Structure formats: structure tokens, C-alpha cells
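This report concerns only the one structure given below.
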Amino acid sequence: MHPALVHDDEVHWKYTLDANDTDDYADLNNSNAGTWHLDAEAAANDHDFYTLDTSKSVKVKRYAKLTATQASPEPVVKGRTLTVTGTLTRANWNTNVYAGYSAQRVALQFKKSGASTYSTVKTVTTDSTGKLKTTVTANSAGTWRWKFAGTSTTSAVTATGDSAALK
């Protein structure tokens with residue numbers, strides 16, 4: 001962020017993000033994630049200005065990704081153990097790469113074949129590298145997926161599901 005205007009010993013900061021400008025992300029640091037308060041001010045050519053009295057806020061969150069869910073073995077014998085894996089990562093604005101997001105609770109969801117909605121089966125905590133791994137008993141054919149609810153500084157995300165057939 002760079003000062004845009006100095007007026008009466010008060011520094012006003014201007015920051016814009018352009019979704020079409022790939023260089024904008026380089027100005028962000030991880031500590032910038034959270035609630036931003038926005039004030040509006042209009043300046044006229046005669047140096048008069050108007051300031052909006054009410055500050056508005058917006059949540060600026062780091063983007064999260066969940067790898068495609070993997071359920072194995074496929075197909076699985078009914079009543080046997082199915083292992084479900086995935087990885088949760090989030091944007092690291094300090095290094096400009098995605099990194100594993102540790103110690104986060106992620107829901108494992110299941111949708112029975114022919115159904116239209118998912119149900120949460122259990123919640124699993126990511127390891128130190130953002131990896132998820134759990135076992136479930138395969139009682140029905142259907143699709144498994146991971147769902148992360150997000151945090152105050154990181155977006156919510158739902159993984160692509162993996163269908164598991166019974167044999």
C-alpha cells in the first residue's frame with residue numbers, strides 16, 4: 001500500500017485489486033487477510049472533497065483449495081473398509097504459492113447413489129502438511145467428498161467427489 005494523498009497531516013491510503021491484473025496479488029501479505037474497512041472520499045478539481053461518514057467493511061480471505069477426493073479401493077466389498085484421502089491448501093501471500101493448511105477441521109461427506117444431497121459422515125483434522133486421511137465402512141455405493149467451512153481469513157471450499165462402487 002502506498003500513500004495516495006496527504007491532506008491536513010492525515011495520510012490517506014489507496015489500495016485497489018484488479019481481478020484481471022496478475023501483479024496485484026504481489027502486494028498482499030498473509031497478515032492482510034481479515035476484515036478491511038473501506039472509506040470513500042471524492043476530491044474535486046478545486047481541492048474540495050467529500051468523505052463518506054460511514055465506513056464499510058469487507059472480508060479479504062486467502063483462497064483455499066481441496067484436491068480431488070480419493071476413495072480406495074474401488075470397487076470395494078460391501079461392509080469393508082474404504083480409505084478416503086485429500087489435501088487442503090491455501091494461498092500463501094508471502095511466498096506466492098499454495099501451501100498445506102495444517103490443524104484444520106474438514107468434513108467428510110457422502111451422497112448415496114441416486115440421492116441429491118450430501119451428508120456429513122465425520123470431521124477430520126488436517127496433518128502438518130494439510131493432508132487428510134480417514135477410513136469408513138462401505139455400506140452403500142455413492143460419492144465421497146471433503147468440505148472445508150473456511151475461517152475468518154481463509155475461504156470455504158468443497159472438493160470434487162469420488163464415486164465408490166460396491167462389489
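All values below were derived from every heavy atom in this structure, side-chain atoms included, with hydrogens, water molecules and symmetry-related copies excluded. Since we're looking at a predicted model, the values are computed, not measured.
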- request: Please report the C-alpha distance between Val124 and Val106 in whole Å, then the side-chain angles of each, then the deciding distance to 0.1 Å, and finally whether the side-chain contact (heavy atoms from CB on, under 4.5 Å) criterion is met.
  value: CA-CA 5 Å; Val124 178; Val106 181; 5.6 Å; no

- request: Identify the heavy atoms of Val76 and Ala138 that sit nearest to each other, and give their distance.
  value: CG1-CB, 3.4 Å

- prompt: Under 4.5 Å between side-chain heavy atoms, hopping through other hydrophobics if needed: is there a path connecting Phe110 to Leu166?
  reply: yes

field: Path from Val77 to Val136 over hydrophobic side-chain contacts below 4.5 Å
entry: no

task: Could you grab the distance from atom CD of Glu74 to atom OG of Ser163, nearest 0.5 Å is fine?
output: 8.0 Å

Partner residues of Thr158 under the side-chain hydrogen bond (donor to acceptor under 3.5 Å, both in side chains) criterion, sequence neighbours left out: none

task: Could you tell me which non-hydrogen atom of Thr137 sits nearest to which non-hydrogen atom of Gly79, and how far apart they are?
output: CG2-O, 3.6 Å

query: Any sub-3.5 Å donor-acceptor pair from Lys147's side-chain atoms to Ala156's backbone N or O?
result: no

- prompt: Looking only at atom types and distance, does a side-chain atom of Thr87 sit under 3.5 Å from a main-chain N or O of Lys131, one as donor and one as acceptor?
  reply: no

- line: Here the gap from Leu132 atom CG to Asp127 atom CG, rounded to the nearest 0.5 Å, amounts to 7.5 Å

message: Given 3.5 Å as the limit, does a donor-acceptor pair link the side chain of Thr126 with the main chain of Tyr101, or not?
response: yes

query: Looking at residues at least two apart in the chain, or sitting in another chain, which of them share a ring-ring contact (aromatic ring centres under 6.0 Å, His included) with Trp146?
result: none

field: Cation-aromatic face contact Lys65/Tyr98, 6.0 Å, 45 degrees
entry: yes

field: Donor-acceptor under 3.5 Å (Thr85 side chain, Lys133 main chain)
entry: no

- prompt: Which value, rounded to the nearest 0.5 Å, describes the distance between Thr123 atom OG1 and Arg105 atom CZ?
  reply: 5.0 Å

message: Surrounding CG of Asp46 (heavy atoms of other residues, nucleotides or ligands, distance under 6.0 Å), is the total greater than 12?
response: yes

task: Dump the intermediate steps for side-chain contact (heavy atoms from CB on, under 4.5 Å) on Leu88 and Val157, then the final yes or no.
output: CA-CA 9 Å; Leu88 175 65; Val157 63; 4.1 Å; yes

- prompt: Looking at side-chain heavy atoms only, is the closest gap between Gln104 and Thr154 below 4.5 Å?
  reply: no

- request: Taking atom NZ of Lys112 as the centre, report whether more than 12 heavy atoms of other residues, nucleotides or ligands fall under 6.0 Å from it.
  value: no

message: Does either side chain, that of Lys61 or that of Thr153, offer a donor lying less than 3.5 Å from an acceptor on the other one?
response: no

Counterpart residues, side-chain contact (heavy atoms from CB on, under 4.5 Å), relative to Asn92 (two or more places apart): Asn30, Arg62, Asn94, Thr95

message: Once rounded to the nearest 0.5 Å, what's the spacing between atom OG1 of Thr117 and atom CD of Gln109?
response: 9.5 Å

Pair Val60-Asn32, side-chain contact (heavy atoms from CB on, under 4.5 Å): steps then yes or no: CA-CA 8 Å; Val60 176; Asn32 294 131; 5.8 Å; no

field: Nearest-0.5 Å distance that lies between atom OG1 in Thr120 and atom CZ in Arg145
entry: 8.5 Å

message: Do Thr83 and Ser72 pair up side chain to side chain, a donor and an acceptor below 3.5 Å, judged on atom types alone?
response: no

- request: Answer yes or no: is there a side-chain heavy-atom contact under 4.5 Å between Leu82 and Trp144?
  value: yes

